[in-house]
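Some notes on the structure that comes next.
Atoms within each ligand, like the ligands themselves, are counted from 1 in listed order.
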Amino acid sequence: MDTKLEHKRHTLAHLLAASVLIDYPHAKLTLGPAIENGFYYDIDFSDGDTPGDNDLKKIQKHMKKMLGQWTSFEHEEVTADEARMIFKDNPFKLELIDEIQKRGEKITLYTAGKGTKSEFTDLCRGGHCENPAEEIAADAFKLDKIAGAYWRGDEKNPMLTRIYGLAFDTKDELDTYLEQVEEAKKRDHRKLGKELDLFTFSELVGAGLPLFTPKGTLMRDLIVDKIMQIQEKYGYQKVTIPHITKSDLYKTSGHWEKFSDDLFKVKGKSDAEFVMKPMNCPHHTQIFSSSPKSYKDLPVRYAETTMVYRDEQAGELIGLGRVRSITQDDGHVFCTPEQIEQEVKNIVYVIQEFYESLNMYNEGDFWVSLSARDPKEPEKYLGGEDIWNKAESILEGIAKELNLPCTKVEGEAAFYGPKLDFMFKDALGRERQLATAQLDFVMPERFGLEYTDQQGNKQQPVMIHRAIAGSLERFMSIMIEHFAGNFPLWLSPVQVAIIPVADVHNNYAQEVHKELTEAGFRVDLYTENESMGKKIRAAKKAKLPYFIVIGDKETENKTVTLESRDTKESYTYSLPELLDRLKKEL
Ligand SMILES: [Zn+2]
Ligand SMILES: [Zn+2]
């Protein structure tokens, strides 16, 4: 956020607080920061009326009126005791004052609109417009919604009322944002997923545990098969692991200490402690170490698409966006330090080919984060200085050589190694991290992995974790919203609808259906006794890439008329021409 806009948003939080006090003089103000797209203020209304969504218009009216009188924003420094006197009835502000004093910082009060009817003073550390009336466009902000929020985000604290506002530099920008929100609602994967019959949830099964319908399962398989087909040429082999494991595995890997709260524990007959696996890497190390390895065996590349389970907070589960059963398209490479470069390059090639097939790998549509150490906190990372320096420079070299739009982001590395994270922009301009390649120097050490080098000495391999789609659930939620359900031909669960105009055309329609199905296409034949219009509407609602209407002319000439969902154009083909055309697109 640029500073000027941040100042406007922060100033508007003050303006909101001042306006709330007009109709709710009992309200106790707490904190009100600028945030992405706007601002909020957390307020305690427990001593009287609490505003609802219907009251936002009224508060907003006060804001616009007051704004005209806020031609200044002045500040004065006060002592802690003076501040305590001023805010003596507000326990929240008193708590803040104590904290500021403890930190030894100055205590400042900011007053807007001094000497006017709209004068308002708040405890604040600054960052406002100097002349709000002049700088803030009165039509470029809007109160948005009301939500509950615990004081300082802690559920042990009192629940406050959070009023959100949207704010931009101009009315146009505000309008564009509001349009985007509307479009996002239309594309919401929870809504479209239901309409397209891809997945469902059941209260009996539980929150965050999606069930995939035949169509949704087909889509998952299409994604997995595509990735496997691309990476096969780079020597990946499939492996399979069980979904539960003794907790010892994660105690050895170190995950137990860090994540044991998020694990699902499983009780069996024995005393052994079992958990549902939250990740696959530790299991894969055990396949690697099951037989002695020499330098000639490396690199070893395992791939597996499998579910992991994490006990996410119930309040944070959103459709497929965040779930408790997460399907990872996982892969691990075990290699020598000299092989890192080629292996990471191969992963980048797989990412490139996969996202090209989705038309998402275009300039400006993605960037790559070289997630490196924070040089100021070297103690946060495990592994020697030398190997870190080398690994980061290898990743930098690859990014340069492959012309990746890469930015080094310090402090974003995992504690076990640096990584390349691929960030893609969706159709609404939202940035999503999807693919990743991560170097790991720690897990091989934890599990004592080794290979024999050319001189007959034991060496420790490097491990590379890689994901192409990331979690299938999240990936599908992003694809559904990105394409608004209009998937590319290869990803569409059903690719073509065949619609006979009347019963007399059914025979030829079946012939076309057979031909296409035998050629490997996924085709729906609409022979139900429905009207033409109804059949076409059903095909359109299902967002199929193509539909074929078969009437007298087509039956007579043994042709088909192919209509495209995307271009709305129609073409007449013979059957061989049709197959040719569809195959070419794939
Ligand atoms: Zn302020
Ligand atoms: Zn891994």
Report task. May I ask you to decide if Arg373's main-chain N or O and Glu392's side chain share a donor-acceptor pair within less than 3.5 Å? Result ->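 Looks like yes, one N/O pair under 3.5 Å.
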
Query raised in the report: So, Phe447 versus His284, ring centres under 6.0 angstrom or not?
Result: no

Report task. Would you confirm whether the ring centroid of Phe334 sits within less than 6.0 angstrom of the ring centroid of Tyr302? Result ->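 Aromatic pair counts; centres sit under 6.0 Å.
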
Query - Atom name, His465 (N, O or S, nearest to the Zn ion (ligand 2)) - result: ND1

Query raised in the report: So, His332 and the Zn ion (ligand 2): N/O/S under 2.8 Å, yes or no?
Result: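 Of the N, O and S atoms in His332, at least one lies under 2.8 Å from the Zn ion (ligand 2), which means yes.
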
Requested in this report: Answer whether the closest heavy-atom distance between the side chains of Gln231 and Arg466 falls below 4.5 Å.
Outcome: yes

Requested in this report: Kindly report the NE2-the Zn ion (ligand 1)-NE2 angle for His10 and His128 respectively, rounded to 10°.
Outcome: 100°

Query - For the Zn ion (ligand 1): the N/O/S atom of His14 at shortest distance - result: NE2

